[in-house]
Amino acid sequence: MKSVRTRFAPSPTGYLHVGNVRAALFPWLIAQQAGGTFVLRIEDTDQAREVSGAIDVMRETLQWLGMEWDEGPDKPGDFGPYVQSERRTLYLKWAQRMADEGLAYADIRTPDELKALREDAKSKKQAFLARNYRPDQPQTWQPGMPLRFKSTPQTYAWNDAIMGELSAGPEAVDDFILIKSDQFPTYNFAHIIDDHEMNITHVIRGLEYIASMPKYLNLYDALGFDWPVFGHAPHIMAPDGKKKLSKRDGAKGILQYRDDGFLPAAMLNFLASLGWNDGTEQEIFSRSELIEKFSLDRVQRSGARFDEQRLLWMNGTWIRRLSTSELYDLTDKPAFWPQGIPSEYDNSSYKTEVLALIQERLKFFAEIPSLTTYFFRDLPIDSTLISTHKQLKKFTPEELTTMLRQTQANLVKSDFSAVDLQGRLNDLLQETGQKPAVLFSLIRIATTQAAASPGLAGTLAVIGKERSLQRISAQIDALAA
RNA sequence: GGUCCCUUCGUCUAGUGGUUAGGACAUCAGGUUCUCAUCCUGAAGAUCGCGGGUUCGAAUCCCGCAGGGAUCACCA
């Protein structure tokens, strides 16, 4: 049995979004599972569409997700080079052989002529087949001439590891361009040569290639190549419509999720479980569980819509599984923290205390600033927090002031440990005769100027004695004004 | 239009002849001495696209239809 070799073969035309990476995820999982090899190959045969820098972005994306490749442009193996533009002599060699053996012919028709033929067929409501227009006396193929495959129409039935049994009649088999007039091969030709030369055992890609399968199969047969295992994955659809997810409709690049503070583990989990499950009710899969349990035959055959809510939920559950020190390390970037943190609070031990409090309400790291500003600086008094509070608005400023003074008097004696604070807050409920909903809300607003915060005792402990008491004083002053 | 594929709660899905059609996200309600969140409990939510068959019995098998998608390049 041959060792498993899979590949991800993107063309460098832009960043990778959620829809694209699945074409890399599945073959990567298959290779990992089998202890095989995952190859990264760059398909840059269309010079016109190439976007500079795209290759680096793709590499960065795969690396962030932990989908390391074993062979690729920067990881020489026995089957290089791994960039198609550097393999041109190879394609030309095969092309020459096919021309010599009569398996392909020079097609010197201009694009305009071809277009006219297509339109003519269309007006007659017939399918256009290039093989119906083969030249009677083809010229000898020479550099600069397009080379077209001479197909052998027949019915094909094959098995797709994801889609199951597929078949198509001879009308799906046609002549197609192998070598373009710029002497570059087409995808249709190059990928088959490469997969063969690189001993690829599993070709896993998006379902847009299914329609071309009969043509490819015909070429494999003409060349005498064995068929690899094929697996065509359905597209991920846009959240609203039924269209395939695309950049045009605002699909974000995977790297953008990284920059917003999503975890690779969550992204991997989300990507895999969109359209795949192991048959149990498990939803959360670690990377190693995915590798162990993934199988192509359990991939859904219909397209799944991209649901960002689910990603958010998953990321939250992965964040909650982190230890506080892991969480600190992962969030240790300026973009994830409020601007201009005073130096006395800009240290790992203080920030870790803050993180411990907000960990369970975090969905992604970029929302840390909005959740934590009051831990780092005093915010201006917002009188609407009290005036719109459904419990507090019923009290007069004097009554509120009295409660705050009682709070001050008690807390000034505290060592501000969370445990001590909790005890004193409970005592204050007795002293003031108020419900938690009233007293705690008041103290929270006074000390954070925020509508929501983590548990009061823990929050006060982190804010500290000096600032807490000061902020309560400031609130009392504002109430008097 | 030709060819090929798909169709179970709003969304992602389990399900392969007999189930009260199960779970998850989202939503709503209650609970966890306060808010937000977490967690727990519960509710609502699917005439299994439609119409015919086969069968004692069909989401599951067969046929037809409809809707959706992919593809018909010297793009990948």
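This structure is a prediction, so every number in the text was calculated from the model and none was measured. In what follows, chains are A, B, ... by sequence order, proteins preceding strands, each numbered from 1.
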Paired with [N] by Watson-Crick or G-U wobble geometry, both distances under 3.5 Å: which nucleotide is it?
{"N": "B:A59", "value": "none"}
{"N": "B:C65", "value": "B:G49"}
{"N": "B:U41", "value": "B:A29"}
{"N": "B:U71", "value": "B:G2"}

Inset, instruction - Measure centre to centre between the rings of A:Tyr209 and A:Tyr187, then say whether the value is under 6.0 Å. - result: yes
Quick one: list whatever passes ring-ring contact (aromatic ring centres under 6.0 Å, His included) with [X], sequence neighbours left out.
{"X": "A:Phe416", "answer": "none"}
{"X": "A:Phe262", "answer": "A:Tyr257, A:Phe364"}
{"X": "A:Phe285", "answer": "A:Trp276"}

Distance check needed: [N] [atom2] versus [X] [atom1], whole Å only.
{"X": "A:Glu431", "N": "B:U33", "atom1": "CD", "atom2": "C1'", "result": "17 Å"}
{"X": "A:Lys243", "N": "B:U71", "atom1": "NZ", "atom2": "P", "result": "13 Å"}
{"X": "A:Asp427", "N": "B:U33", "atom1": "CG", "atom2": "P", "result": "17 Å"}
{"X": "A:Leu385", "N": "B:C36", "atom1": "CG", "atom2": "P", "result": "14 Å"}
{"X": "A:Gln449", "N": "B:U35", "atom1": "CD", "atom2": "P", "result": "19 Å"}
{"X": "A:Ile445", "N": "B:U35", "atom1": "CD1", "atom2": "C1'", "result": "9 Å"}
{"X": "A:Phe375", "N": "B:C36", "atom1": "CZ", "atom2": "P", "result": "17 Å"}
{"X": "A:Ile386", "N": "B:U35", "atom1": "CD1", "atom2": "C1'", "result": "14 Å"}

Quick one: do [X] and [Y] make a salt bridge, cutoff under 4.0 Å?
{"X": "A:Arg148", "Y": "A:Asp107", "value": "yes"}
{"X": "A:Arg361", "Y": "A:Glu367", "value": "no"}
{"X": "A:Asp175", "Y": "A:Lys150", "value": "no"}
{"X": "A:Lys215", "Y": "A:Asp174", "value": "no"}
{"X": "A:Asp278", "Y": "A:Arg298", "value": "no"}

Legend entry - A:Ser273 vs A:Asn426, nearer the 5' end of RNA chain B by closest nucleotide: A:Ser273
Legend entry - Pairwise 5' ranking along RNA chain B for A:Leu429 and A:Gly275, keeping only the more 5' one: A:Gly275
Inset, instruction - Classify the nucleic acid contact of A:Gly455 as base, sugar-phosphate or nothing, counting any heavy atom under 4.0 Å across all strands shown. - result: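 The residue A:Gly455 makes base contact.
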Inset, instruction - Under 4.0 Å between any heavy atoms, over every strand shown, what does A:Pro454 touch: base, sugar-phosphate, or nothing? Just pick one. - result: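 Answer is base: heavy atoms of A:Pro454 come under 4.0 Å of a base.
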Identify each atom pair where a protein N or O and an N or O of nucleotides 72-76 of chain B are less than 3.5 Å apart, giving names and distance.
from  : atom 1 : to       : atom 2 : distance (Å)
B:A73 : OP2    : A:Arg118 : NE     : 2.6
B:C74 : OP2    : A:Arg148 : NH2    : 3.4
B:C74 : O2     : A:Ser181 : N      : 2.6
B:C74 : O2     : A:Ser181 : OG     : 2.8
B:C74 : N3     : A:Ser181 : OG     : 3.4
B:C74 : N4     : A:Arg109 : O      : 3.0
B:C75 : OP2    : A:Lys180 : NZ     : 3.2
B:C75 : O2'    : A:Asp46  : OD2    : 2.9
B:C75 : O2'    : A:Arg49  : NE     : 3.3
B:A76 : OP1    : A:Thr45  : OG1    : 2.6
B:A76 : OP1    : A:Lys180 : NZ     : 3.0
B:A76 : OP2    : A:Tyr187 : N      : 2.9
B:A76 : O3'    : A:Glu43  : OE1    : 3.2
B:A76 : O2'    : A:Ser11  : OG     : 3.1
B:A76 : N3     : A:Tyr209 : OH     : 3.2

Polar-atom pairs under 3.5 Å, protein N or O versus N or O of nucleotides 2-7 of chain B: list them with distances, or write none.
from : atom 1 : to       : atom 2 : distance (Å)
B:C6 : OP1    : A:Arg301 : NH1    : 3.3

Inset, instruction - Could I get the full list of side-chain contact (heavy atoms from CB on, under 4.5 Å) partners for A:Pro73, not counting sequence neighbours? - result: A:Leu40, A:Ile42, A:Arg59, A:Tyr82, A:Val83
Legend entry - By side-chain contact (heavy atoms from CB on, under 4.5 Å) - contacts of A:Thr110 (at least two apart): A:Asp112, A:Glu113
Between [M] and [N] - [atom1] atom distance, rounded Å:
{"N": "B:C39", "M": "B:A58", "atom1": "P", "result": "41 Å"}
{"N": "B:U8", "M": "B:G45", "atom1": "C1'", "result": "13 Å"}
{"N": "B:G49", "M": "B:U7", "atom1": "P", "result": "9 Å"}
{"N": "B:U11", "M": "B:U47", "atom1": "P", "result": "12 Å"}
{"N": "B:G67", "M": "B:C28", "atom1": "C1'", "result": "32 Å"}
{"N": "B:G42", "M": "B:G23", "atom1": "C1'", "result": "16 Å"}
{"N": "B:A21", "M": "B:U3", "atom1": "C1'", "result": "36 Å"}
{"N": "B:A59", "M": "B:U16", "atom1": "P", "result": "13 Å"}

Legend entry - Heavy-atom donor-acceptor pair, A:Gln449 side chain to A:Ile445 backbone, under 3.5 Å: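 At least one qualifying donor-acceptor pair exists.
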Legend entry - Under 3.5 Å: donor-acceptor pair, side chain of A:Ser167, backbone of A:Ala157: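 Side chain of A:Ser167 to backbone of A:Ala157, a donor-acceptor pair under 3.5 Å: no, none is there.
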Inset, instruction - Select one nucleotide: of B:U13, B:U11, B:A70, the one nearest the side-chain heavy atoms of A:Arg305. - result: B:U11
Legend entry - Inter- and intrachain pairs under salt bridge (Lys or Arg N to Asp or Glu O under 4.0 Å), touching residues 419-441 of chain A, at least two apart: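 Every salt bridge (Lys or Arg N to Asp or Glu O under 4.0 Å) pair that includes a residue of residues 419-441 of chain A, provided the two are not neighbours, is A:Asp420-A:Arg424.
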Legend entry - Qualifying residues under salt bridge (Lys or Arg N to Asp or Glu O under 4.0 Å), relative to A:Arg467, sequence neighbours excluded: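 None.
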Inset, instruction - Only counting residues at least two apart or in another chain, list the ones meeting salt bridge (Lys or Arg N to Asp or Glu O under 4.0 Å) with A:Lys252. - result: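 For A:Lys252, the residues satisfying salt bridge (Lys or Arg N to Asp or Glu O under 4.0 Å) (neighbours in sequence not counted) are A:Asp260, A:Glu308.
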Inset, instruction - Heavy atoms under 4.0 Å is the rule here; annotate nucleotides 22-30 of chain B 5' to 3' with B where the base is hit, S where only the sugar-phosphate is, and - elsewhere. - result: SBSSS----
Check nucleotides 46-50 of chain B against the protein and report each pair of N or O atoms closer than 3.5 Å, with its distance, or say if there are none.
none

Inset, instruction - Please determine if a side-chain N or O atom of A:Asn277 lies less than 4.0 Å away from the OP1 or OP2 oxygen of B:U13. - result: no
